[in-house]
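First comes the structure, then the notes that go with it.
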Number of protein chains: 2
Amino acid sequence: MTSESQTARAGYHHGNLTEVLLEAAIALIEEKGVDALSVREVAKRSGVSPGAPFRHFSSKTALLTAVAEQAMGRLTAAVRAEMSKAGDADPIEALRAIGRGYLAWALSNPTHFQVISSRSLIDFHASPRLVEENEAIRIVMVDLIARAQREGRLRPGIVPADLVFSSRAFIYGVARMWIDGHFKEWHVERPAPEAMESALDLFIKMIDAKP
Amino acid sequence: MTSESQTARAGYHHGNLTEVLLEAAIALIEEKGVDALSVREVAKRSGVSPGAPFRHFSSKTALLTAVAEQAMGRLTAAVRAEMSKAGDADPIEALRAIGRGYLAWALSNPTHFQVISSRSLIDFHASPRLVEENEAIRIVMVDLIARAQREGRLRPGIVPADLVFSSRAFIYGVARMWIDGHFKEWHVERPAPEAMESALDLFIKMIDAKP
DNA sequence: CCTTTGTGTAATCAGTGATTACATTGCTAT
DNA sequence: ATAGCAATGTAATCACTGATTACACAAAGG
């Protein structure tokens, strides 16, 4: 059992450049930020010539899209994990779990989140995985909100379809304010996790029929 | 009365390059997007050598920060205009006016909005104007929400300070979803202005003590 | 064995932000 | 008026970027 299974570095052919490039890209993004990413640097880190990555990813955008696919998988996993922790007895609590999972993940993986939500760095609609996984979470929200209304758990006067959009907008807004560094300007002094949790709390309180 | 008051193009010295560069930058951003902006192109459009802009803006970031300052002025103007239309009898309605003005402006000036809210394109905290104008609007919100609570117009259980943050997060989330092109994925079929208006409506309904 | 297909290299292109040395201008003080 | 000075524009250049091309090498299959 030789130790070449990880890197698989033959002399000329690299073996599994695709994966290595992805890892290198992620590491680099996490170190220097998304804007400072260059495929040349990724290539250098992978011990390969500057043009090599283009054999595996047709463009820088394609590389970042692949990064986004991996990230999206982790995001939905985090959301689902938080949901199963909450159980599915209470639809409102399930919605809170989604928000919590989403925010917690965005907080822990700012650069990944940035890549996912950008539409100039990646080509979102060119990736079925991205589209489908995003849609899956949306469907879950639609169902939960519909169920919440049926069970009278929703504040009267709220249109379900509008709430789906508004919930997402709210969570996305909180996450992006963090990512974009707006907390300071809005005098959020508490640690980010607490601030997000209490923001989430307020929103849930606002949609809930009764405390 | 010669017609050189606008451009003031002498032979060698340009006269008012600073302003012309700003206008060219804005035009270019509006044409090709923020990412495609280059100071070389700005220089070319202004009929000047590639290095000239750096006499007036120490870096590309500084140029974009200047663009942001101008944009921020227009944003707060739009918000204030909408506020004065609503009058200040009802604090809740004043808050709605802020949200409406903000969203309408973001919708009409997507690229400008993108520049303002970015923290990698511009150096926000290096510009007193940006910081102060942002803070001014925030103070208005703080006051309005405090007043709303005093007058019993706020839904019980809402902490004013939390609502300031959450309101902004919500509005920012809606605006960014639009800017980042997330409406399609979230099945917002209606025209954007309507979608934003009804999202705003829902939020106001949620914070209001009683319809 | 020999061809075909995939993969990496080397060289190169056009375009970028930024810096430097230099040219030109116009204002100000004598 | 004119000498000097500070401001402003130019030209050349640097290191870097994403991307493309022609070519070198290697493994797989007939």
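In what follows, chains are A, B, ... by sequence order, proteins preceding strands, each numbered from 1.
Ring centers of Phe165(B) and Phe183(A): under 6.0 Å apart, within the cut-off.
Between the NZ atom of Lys60(A) and the C1' atom of dT20(D) there is a distance of 17 Å, rounded to whole Å. Going from atom CD of Glu41(A) over to atom C1' of dT17(D) covers 12 Å, rounded to whole Å. Straight-line distance from the CZ atom of Phe57(B) to the P atom of dT16(C): 18 Å, rounded to whole Å. One interatomic measurement links the two molecules: CZ of Arg40(B) to P of dT16(C), which rounds to 7 Å at whole-angstrom precision. In this structure, Glu19(A) atom CD and dT7(C) atom C1' are separated by 16 Å, rounded to whole Å. Rounded to an integer number of Å, the gap from CZ of Phe54(B) to P of dA11(D) is 16 Å. If you take CG of Leu17(A) and P of dG8(C), they are 4 Å apart, rounded to a whole angstrom. Rounding to whole angstrom units, CG of residue Asn16(A) and C1' of dG8(C) are separated by 14 Å.
Considering only the side chain of Val48(B), dT10(D) comes nearest among dT7(C), dT19(C), dT10(D). You'll find that the side chain of Ala52(A) is closest to dT9(C), out of dG9(D), dT9(C), dT19(C). The nucleotide whose nearest atom lies closest to any side-chain atom of Ser49(A) is, among dT9(C), dT10(D), dT13(D), dT9(C).
Side-chain contact of Arg176(B) with Tyr172(B): a donor-acceptor pair under 3.5 Å is present, judged by distance alone.
In terms of modelled atom types and a separation under 3.5 Å, the side chain of Arg119(B) and the main chain of Ser117(B) share a donor-acceptor contact. Ser127(A) places no side-chain N or O within donor-acceptor distance of the main-chain N or O of Phe124(A), the cut-off being under 3.5 Å.
Aromatic ring orientation, Tyr102(B) versus Phe113(B): perpendicular (interplanar angle above 60°, classes split at 30° and 60°).
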**Request:** Walk me through it: do Asp162(B) and Asp201(A) pass the test side-chain contact (heavy atoms from CB on, under 4.5 Å)?
**Result:** CA-CA 10 Å; Asp162(B) 286 356; Asp201(A) 224 70; over 6 Å; no
**Request:** Output, in order, the C-alpha distance, side-chain angles, deciding distance and verdict of side-chain contact (heavy atoms from CB on, under 4.5 Å) for Leu75(A) and His112(A).
**Result:** CA-CA 9 Å; Leu75(A) 168 59; His112(A) 267 175; over 6 Å; no
What side-chain donor-acceptor pairs closer than 3.5 Å can you find for residues 20-32 of chain B, not counting sequence neighbours?
unit_1	atom_1	unit_2	atom_2	d
Glu30(B)	OE2	Thr111(B)	OG1	3.4
Glu31(B)	OE1	Arg45(B)	NH2	2.9
Glu31(B)	OE2	Arg45(B)	NH1	3.0

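At the phosphate of dG9(D), OP1 or OP2 sits under 4.0 Å from a side-chain N or O atom of His56(B).
You won't find any donor-acceptor pair under 3.5 Å spanning the side chain of Arg55(A) and the base of dG6(C), going by distance alone.
A heavy atom closer than 4.0 Å to some atom of DNA chain D occurs in no member of residues 118-125 of chain A. Listed in residue order, the members of residues 21-39 of chain B having a heavy atom less than 4.0 Å from DNA chain D come to none.
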